[in-house]
Amino acid sequence: MRFLSRRLVMPQDLNYANSLFGGRALEWIDEEAAIYAICQLETNCLVTKHIGEISFESPATMGDIVEFGLATKNVGRTSITVSCLVRNKASKKTICFADDIVFVALDPATRQPVPHGKTPEILAQQTEDELKNLNL
């Protein structure tokens, strides 16, 4: 699982108990997973089809930095399925885990599902090439 981005928990992200509101976490997960899928499939014409099991494990509070780990689980003809782990950057404690997030590639004109042309092998090579080109 690659941890690709981070967010700072701000006052507007909190619920009545002063911890990260679950709805805000789900919003962030959908956005982060969509960005990941867009980068993997190299198209921004995707829709969220399904989000499977979501498990909340520990709270995040104001000022915490949370990070998002994403991994490809499956690649279909028109879809990609990913998992997202949200954890506290400092403690590494899992905040929540969303499994089986499915995105479907669409034709921009017809909005109908279209093959994206990617395979697990192509995505693995793409990731390897991307990691080689990072400015570390």
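Computed over heavy atoms, backbone and side chain alike; hydrogens, waters and symmetry mates excluded. Fair warning: this is a prediction, and the values are worked out from it, not measured in the lab.
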Test Arg6 against Glu32 for salt bridge (Lys or Arg N to Asp or Glu O under 4.0 Å), laying out the working first. CA-CA 10 Å; Arg6 300 176 182 127; Glu32 295 295 332; over 6 Å; no

Quick one: [atom1] on [X] to [atom2] on [Y], what's the gap to the nearest 0.5 Å?
{"X": "Glu31", "Y": "Thr48", "atom1": "CD", "atom2": "OG1", "result": "11.0 Å"}
{"X": "Arg87", "Y": "Asp64", "atom1": "CZ", "atom2": "CG", "result": "14.0 Å"}
{"X": "Tyr36", "Y": "Ser5", "atom1": "OH", "atom2": "OG", "result": "12.5 Å"}
{"X": "Glu67", "Y": "Leu4", "atom1": "CD", "atom2": "CG", "result": "10.0 Å"}
{"X": "His116", "Y": "Leu41", "atom1": "NE2", "atom2": "CG", "result": "5.0 Å"}
{"X": "Ser79", "Y": "Ile101", "atom1": "OG", "atom2": "CD1", "result": "13.5 Å"}

Are Glu42 and Lys118 close enough for a salt bridge, meaning some N to O gap below 4.0 Å?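 Lys118 and Glu42: salt-bridged.
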
State plainly whether the residues Arg2 and Glu130 are in salt-bridge range, i.e. N to O under 4.0 Å.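 Salt bridge flag = yes for Glu130 with Arg2.
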
Identify whether [X] and [Y] are in the same connected component of the hydrophobic contact network (ILVMFWY, side-chain heavy atoms under 4.5 Å).
{"X": "Leu8", "Y": "Ile35", "value": "no"}
{"X": "Phe97", "Y": "Leu26", "value": "no"}
{"X": "Phe21", "Y": "Ile51", "value": "no"}
{"X": "Val75", "Y": "Leu70", "value": "yes"}
{"X": "Trp28", "Y": "Met62", "value": "yes"}

Return the minimal non-hydrogen interatomic distance between [X] and [Y], and the atom names on each side.
{"X": "Ile80", "Y": "Ala37", "value": "CG2-CB, 3.8 Å"}
{"X": "Ser58", "Y": "Lys93", "value": "OG-CB, 4.0 Å"}
{"X": "Cys45", "Y": "Pro108", "value": "SG-CA, 3.7 Å"}
{"X": "Val82", "Y": "Thr72", "value": "CG1-CA, 4.3 Å"}

Within the supplied structure, the quantity of interest is the number of heavy atoms (other residues, nucleotides, ligands) at a distance under 6.0 Å from Met1 CE; does it exceed 12?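 Yes, enclosed.
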
Sub-3.5 Å donor-acceptor pair from the side chain of Arg77 to the main-chain atoms of Val114, do we have one? no

When you measure from the side chain of Thr94 to the backbone N and O of Cys96, does any donor-acceptor pair fall under 3.5 Å?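 No; judged by distance alone, with no hydrogens or angles, the pair does not exist.
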
Side chains of Thr127 and Gln125: donor-acceptor distance under 3.5 Å anywhere? no

Test item: side-chain donor near acceptor, Asp100 and Thr81, under 3.5 Å: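 No, because no side-chain N or O of Asp100 sits under 3.5 Å from a partner of the opposite role on Thr81.
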
Tell me, with the steps shown, if Asp13 and Arg7 meet salt bridge (Lys or Arg N to Asp or Glu O under 4.0 Å). CA-CA 11 Å; Asp13 304 320; Arg7 294 205 187 218; over 6 Å; no

[X] side chain near [Y] side chain, heavy-atom distance below 4.5 Å:
{"X": "Leu14", "Y": "Val9", "value": "yes"}
{"X": "Phe103", "Y": "Asp30", "value": "yes"}
{"X": "Arg111", "Y": "Asp107", "value": "no"}
{"X": "Leu106", "Y": "Val47", "value": "yes"}
{"X": "Phe3", "Y": "Val86", "value": "no"}
{"X": "Ile38", "Y": "Thr43", "value": "no"}

Would you please test Ile95 and Phe68 for side chain to side chain contact (heavy atoms under 4.5 Å, CB included) and show each step? CA-CA 10 Å; Ile95 295 164; Phe68 300 83; over 6 Å; no

Passes side-chain hydrogen bond (donor to acceptor under 3.5 Å, both in side chains), Glu53 versus Ser55? Steps please. CA-CA 7 Å; Glu53 182 179 340; Ser55 175; 5.1 Å; no

